[in-house]
Trainee: 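Before we start, here is the structure in question, set down as structure tokens.
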Amino acid sequence: MEDKPLILFQTEGSYPYASGGVSTWSHILCSELEEEVDFIIMALTGAPFVESRYRLTSNIKSIIHVPLWGVEEPISHFEEEVPFSEHVLRKSRTDREVIKEVFLPMFRDFVRRLLNPFQSAREFGELIYGFWKYYQHYDYKKTLSDPLIWTEFKRLLSSGYTPDEELIEQEGARMLDVTFGMRWLYHFMMPLAVPLPRVSATHSTIAGFPAIASLAAKFEYGTPMILTDHGVYIRERLINVSQEDMPFFSKKLLLDMATYITRAVYHFADLIAPVTSINAKWEKEFEAPAENIHPIYNGVNTDVFRPRSKPEHTQGQPTVVAAAQVFKLKDIETMIHSCDHVRREIPDVQYILYGSLEVDKEYAQKCQDLVDELGLGDHFTFGGFHNTPNMIFNEGDISILSSISEGFPYTVIESMSCGRPVVATDVGGVSEAIKDCGVLCKPRDPKSLADGVVKLLKDDDLRIRLGKKSRERILLNYTTSMSVNSYRDVYRQFHEQKNEPLKKKIELDSVDQMLNFLEVHV
């Protein structure tokens, strides 16, 4: 292995194909380490046709793009360098007998454990590895499309999710629920069809489906696993799923899948680096070893994000700025309602929200309709994408954040670095970032947000004092160099150590049986 670390960097719905806090962090990390660390990006996206939103640095050696939806044949996107003859050979190898004798025992074991996701996390990891190893020799689509697998999935889910006396009959498994469940499995597990390179370490930006490739690499090669928890994946899945309009059965299945993956990832990760110490509580709750949890905070470039005078178009007008993609977790509706409260006390106030309207178009339209309904057309503006993010916060007197879930948001520390105090909901690591340099409010409480905005806009001395204090706090605690140096040291440490593949210690019968079969027949 070369002297330069090579990292398999795993993202989902973010870098390099979408903007947002995780993408910002990813781009900073890759860019700042351009001369010292090489990266292979494994990017999970929701659709196959996407374009990079960033200028990629020379140390990004390749991108493995895995679209989870919009494709039925995984090989068409991330196996371009594999000869077509190999694809044909895999399909020809994959017959009913192999599926029944080799794959089905693992699949049956997997589903039974999925129905009770608090069983052994190690055995969860062994099953994930078993699937990956199988898919390196047999065809993904042909296997999972076989009626034998669908029939067994239906049987296991129908028997495993039998409603008890307290549940109404409609909350049991219906045919539509079972069909959706199998479709989710088919698409979410696509990263396991990817051939994995030998690297110094894997680094997942979320304790979710991107990290299942890390589990496979750890078993196959002994590759160390790094996990950065921005917003806690399982917490955000709980919030998202609870808000979805779907039957009880489907909600439970989705949450069980998320719990399964999260526990396995936490169990095997060599380093869990939450961006805020607040996340450690959730990580320990899902059985992450406490000794492997070491927070590494986000950092901001204080030379780029620095205080400037307000531009001409906001001069002389009380202005509140926000930077957020418009989707439910950001709770833009509460932000809009806070504007309605504020304008009653500060009639010329204006809110400017910069961020994509494309993430959740239905929710974005709902927010735009709310602005019209409340008659806020002269007070609340959707600014869309801003190509110079370091200028956003200097347009305002203060900034605002209304999220119901966060990690350690860049928008908060960027605003503080610009000398603009923040009015924010007290979620995730927001309080850890702000301390006494801004105003913390209750989530989903527009009056609380409005009171914070009014307090700072009406008191010039307080606003200016907190702005200076915010800037000082960032300079002392949350700079880019502090964050990047921590990861540089971690990458170097894992690059230099010797690792032993975990496949030598497989304990699960169904996986051991599959590995023995491959050794004899392939």
Side-chain angles (χ1 to χ4, degrees), residues 6-34 37-82 187-188 190-191 193-197 199 202-206 208-213 228 230-231 298 301 304 323-330 332 353-365 368 382-392 409-411 414:
L6 175 63
I7 306 300
L8 181 64
F9 193 74
Q10 300 146 308
T11 67
E12 181 178 22
S14 57
Y15 192 70
Y17 299 117
S19 56
V22 176
S23 292
T24 297
W25 169 84
S26 301
H27 188 62
I28 289 172
L29 186 61
C30 293
S31 300
E32 291 293 318
L33 294 175
E34 184 168 11
V37 178
D38 288 336
F39 293 91
I40 297 172
I41 308 292
M42 178 184 285
L44 275 59
T45 64
F49 306 111
V50 290
E51 295 182 0
S52 177
R53 299 291 296 271
Y54 295 85
R55 183 190 66 80
L56 301 181
T57 47
S58 62
N59 58 335
I60 296 179
K61 298 306 180 182
S62 62
I63 297 179
I64 303 170
H65 177 207
V66 186
L68 298 183
W69 300 90
V71 295
E72 293 297 329
E73 191 75 63
I75 61 170
S76 61
H77 282 268
F78 50 72
E79 292 194 30
E80 295 177 357
E81 297 180 2
V82 178
H187 290 281
F188 290 158
M190 278 187 180
V194 179
L196 295 175
V199 294
T202 61
H203 187 175
S204 179
T205 60
I206 187 174
F209 287 95
I212 59 179
T228 294
H230 291 271
N298 292 341
N301 187 331
V304 173
Q325 297 187 32
V326 182
F327 64 103
K328 291 179 181 178
L329 282 181
K330 300 300 180 182
I332 304 303
L353 169 62
Y354 289 108
S356 173
L357 299 171
E358 302 299 314
V359 176
D360 185 339
K361 293 182 179 180
E362 183 178 343
Y363 182 73
Q365 187 60 55
Q368 291 173 313
F382 293 91
F385 175 74
H386 198 299
N387 59 6
T388 51
N390 58 306
M391 301 300 294
I392 287 175
Y410 265 97
T411 56
E414 287 172 349

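Computed over heavy atoms, backbone and side chain alike; hydrogens, waters and symmetry mates excluded.
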Trainee: Using modelled atom types and a 3.5 Å cut-off, is there a donor and acceptor pairing between side-chain atoms of Glu12 and backbone atoms of Pro210?
Mentor: no
Trainee: Under the side-chain contact (heavy atoms from CB on, under 4.5 Å) rule, what do Phe9 and Val37 come out as? Steps first, then yes or no, please.
Mentor: CA-CA 11 Å; Phe9 193 74; Val37 178; over 6 Å; no
Trainee: CD1 of Ile332 to CZ of Phe382: how many Å apart, nearest 0.5 Å?
Mentor: 7.5 Å
Trainee: Rounded to the nearest 0.5 Å, how far apart are CD1 of Ile7 and CD1 of Ile41?
Mentor: 10.5 Å
Trainee: Please report the shortest heavy-atom distance between Ile206 and Ala211, naming the atom on each side.
Mentor: O-CB, 4.0 Å
Trainee: Provide the closest heavy-atom pair for Leu68 versus Pro191 in the form atom of the first, atom of the second, distance.
Mentor: CD2-CD, 4.1 Å
Trainee: Can you label the angle between the Tyr54 ring and the His27 ring as parallel, tilted or perpendicular, going by 30° and 60°?
Mentor: tilted
Trainee: Go through Thr388 and His386 one step at a time and tell me if the side chain to side chain donor-acceptor pair (under 3.5 Å) criterion holds.
Mentor: CA-CA 6 Å; Thr388 51; His386 198 299; 3.2 Å; yes
Trainee: Could you pull out all residues at least two apart from His187 that satisfy ring-ring contact (aromatic ring centres under 6.0 Å, His included)?
Mentor: Trp69
Trainee: Determine yes or no for a side-chain-to-main-chain donor-acceptor pair under 3.5 angstrom, with Asn59 supplying the side chain and Phe39 the backbone.
Mentor: no
Trainee: Report yes or no: does Ser23 contribute a side-chain atom to a donor-acceptor pair with the main-chain N or O of Ala18 at less than 3.5 Å?
Mentor: yes
Trainee: Of all heavy-atom pairs between Pro16 and Ile63, which one has the smallest distance, and what is that distance?
Mentor: CG-CD1, 4.0 Å
Trainee: Rounded to the nearest 0.5 Å, what's the gap from CZ on Phe49 to NE2 on His65? Could you check?
Mentor: 9.5 Å
Trainee: Can you name the closest pair of heavy atoms from Pro197 and Ile40 and give their distance?
Mentor: CG-CD1, 3.8 Å
Trainee: Where do Met42 and Leu196 land on the side-chain contact (heavy atoms from CB on, under 4.5 Å) test, with the steps shown first?
Mentor: CA-CA 10 Å; Met42 178 184 285; Leu196 295 175; 3.8 Å; yes
Trainee: Test Tyr15 against Thr205 for side-chain contact (heavy atoms from CB on, under 4.5 Å), laying out the working first.
Mentor: CA-CA 10 Å; Tyr15 192 70; Thr205 60; over 6 Å; no
Trainee: In Å and rounded to the nearest 0.5 Å, what is the OG to CD1 distance from Ser52 to Ile60?
Mentor: 8.0 Å
Trainee: Answer with yes or no whether the side chains of Thr228 and His203 bring together a donor and an acceptor at under 3.5 Å.
Mentor: yes
Trainee: Of all heavy-atom pairs between Val71 and Pro48, which one has the smallest distance, and what is that distance?
Mentor: CG1-CB, 4.0 Å
Trainee: Is the side chain of Gln10 donor-acceptor paired with the backbone N or O of Thr202 at a distance under 3.5 Å, no angle test?
Mentor: no
Trainee: Check Ile212 against Phe188 and note the closest heavy-atom contact, atom names and distance.
Mentor: CD1-O, 4.1 Å
Trainee: What is the distance from atom NZ of Lys361 to atom CD of Gln368, rounded to the nearest 0.5 Å?
Mentor: 12.0 Å
Trainee: For Met190 and Leu44, what are the C-alpha separation, side-chain angles and deciding distance, and is it a side-chain contact (heavy atoms from CB on, under 4.5 Å)?
Mentor: CA-CA 9 Å; Met190 278 187 180; Leu44 275 59; over 6 Å; no
Trainee: Taking atom NZ of Lys61 as the centre, report whether more than 12 heavy atoms of other residues, nucleotides or ligands fall under 6.0 Å from it.
Mentor: yes
Trainee: Are Phe209 and Val66 packed together at the side-chain level, in the sense that at least one heavy-atom pair is separated by less than 4.5 angstrom?
Mentor: no
Trainee: Out of curiosity, Ser62 OG to Leu56 CG, how far, rounded to the nearest 0.5 Å?
Mentor: 11.0 Å
